[in-house]
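We count residues from 1, following the sequence as given.
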Amino acid sequence: MTDHAVRPSRDEIISNEQLEMSMTILKTLADPARLQMLSALSKSDHSLSELSQFVGVSPSVASQLLAPLRAKEVLQSRKDGRHVIYSMSDERLKEFIAQTLDFAAYRLAARDPGNE
């Protein structure tokens with residue numbers, strides 16, 4: 001028996017660019033208020049006021065949380081009178097958010113109540 005580590009094949013190695021993008025996405029979703037707003041936006045468009053009320057923050061804080069996503073064109077915004085309306089057109093992101101929340105619900109349901 002040899003004592004050497006098995007090296008991954010070239011197609012198993014994740015590129016640095018893909019790792020960076022993955023970390024950016026996961027860090028973005030790691031903020032509870034941002035995840036709440038993204039969950040709401042994955043279902044329908046909402047005004048900044050509505051989004052801020054969903055998560056219990058001021059509109060300016062909600063806007064700051066959403067700004068990086070607007071800058072990367074993950075979210076779109078438009079003016080409707082005095083209101084700024086946010087929308088999400090990326091279907092894969094909508095699916096990813098739904099799958100993330102579904103997986104969390106699955107893990108919570110699978111927990112052994114005796115371990116708490």
Side-chain angles (χ1 to χ4, degrees):
M1 188 157 103
T2 59
D3 192 25
H4 68 280
V6 176
R7 290 195 172 124
S9 66
R10 194 171 260 327
D11 62 333
E12 293 175 316
I13 297 173
I14 303 168
S15 72
N16 287 339
E17 188 175 64
Q18 188 176 4
L19 284 171
E20 289 292 323
M21 179 57 74
S22 297
M23 293 305 299
T24 298
I25 292 165
L26 293 172
K27 286 178 186 177
T28 298
L29 295 178
D31 184 285
R34 190 179 287 130
L35 183 54
Q36 284 276 17
M37 289 187 286
L38 287 172
S39 175
L41 287 168
S42 71
K43 296 173 182 87
S44 64
D45 297 357
H46 290 283
S47 71
L48 182 60
S49 176
E50 290 170 332
L51 292 168
S52 67
Q53 289 176 6
F54 288 158
V55 297
V57 298
S58 69
S60 63
V61 170
S63 181
Q64 289 172 0
L65 288 168
L66 298 174
L69 299 171
R70 272 194 345 265
K72 294 190 188 271
E73 298 178 358
V74 173
L75 296 179
Q76 297 74 41
S77 64
R78 67 182 188 281
K79 288 286 250 179
D80 184 14
R82 295 183 358 201
H83 300 283
V84 177
I85 308 297
Y86 283 85
S87 62
M88 179 188 304
S89 61
D90 190 327
E91 290 301 318
R92 290 188 78 173
L93 178 58
K94 290 178 183 182
E95 291 172 22
F96 181 69
I97 290 169
Q99 289 174 348
T100 300
L101 296 173
D102 285 347
F103 182 69
Y106 162 77
R107 294 300 303 154
L108 288 170
R111 269 184 166 167
D112 180 5
N115 287 341
E116 295 183 60

* Asked: Any donor and acceptor pair, going by atom type alone, linking the side chain of Ser63 with main-chain N or O of Ser60 inside 3.5 Å?
  ->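 Judged by distance alone, no pair lies under 3.5 Å.
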
Spatial distance of atom [atom1] ([X]) from atom [atom2] ([Y]) [nearest 0.5 Å]:
{"X": "His46", "Y": "Ser52", "atom1": "NE2", "atom2": "OG", "value": "12.0 Å"}
{"X": "Ser42", "Y": "Phe96", "atom1": "OG", "atom2": "CZ", "value": "12.5 Å"}
{"X": "Lys72", "Y": "Thr28", "atom1": "NZ", "atom2": "OG1", "value": "7.5 Å"}
{"X": "Leu29", "Y": "Thr24", "atom1": "CG", "atom2": "OG1", "value": "11.0 Å"}

For the residue pair [X] and [Y], establish whether any side-chain heavy-atom pair is separated by less than 4.5 Å.
{"X": "Ile85", "Y": "Lys79", "result": "no"}
{"X": "Leu75", "Y": "Asp90", "result": "no"}
{"X": "Met88", "Y": "Asp45", "result": "no"}
{"X": "Leu35", "Y": "Leu101", "result": "yes"}

* Worked verdict on Leu69 versus Leu38 for side-chain contact (heavy atoms from CB on, under 4.5 Å) -> CA-CA 10 Å; Leu69 299 171; Leu38 287 172; 3.7 Å; yes

* Pro59 to Leu48 - nearest heavy-atom pair and separation ->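 That closest heavy-atom pairing would be O-CD2, 3.6 Å.
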
* Matching residue for Leu51 among Met37, Gln36, Arg34 - test: side-chain contact (heavy atoms from CB on, under 4.5 Å) ->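 Among the candidates, only Met37 passes.
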
* To do: Applying side-chain contact (heavy atoms from CB on, under 4.5 Å) between Ile25 and each of Met23, Lys27, Met21, report the one that passes.
  =>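 The residue from Met23, Lys27, Met21 that satisfies side-chain contact (heavy atoms from CB on, under 4.5 Å) with Ile25 turns out to be Met21.
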
* Asked: Around atom CG of Asn16, are there more than 12 heavy atoms of other residues, nucleotides or ligands at under 6.0 Å?
  ->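 No, because the 6.0 Å sphere around CG of Asn16 holds 12 heavy atoms or fewer from other groups.
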
* Asked: Given Val84 and Ser47, is the side-chain contact (heavy atoms from CB on, under 4.5 Å) satisfied, shown in steps?
  -> CA-CA 5 Å; Val84 177; Ser47 71; over 6 Å; no

* To do: Start with the C-alpha gap between Glu95 and Arg92, add the side-chain angles, then the distance that decides, and say whether salt bridge (Lys or Arg N to Asp or Glu O under 4.0 Å) holds.
  => CA-CA 5 Å; Glu95 291 172 22; Arg92 290 188 78 173; 5.8 Å; no

* Going by atom types alone, do Arg70 and Tyr86 pair a side-chain donor with an acceptor below 3.5 Å? ->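 A pair is found: one side chain offers a donor N or O, the other an acceptor, under 3.5 Å apart.
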
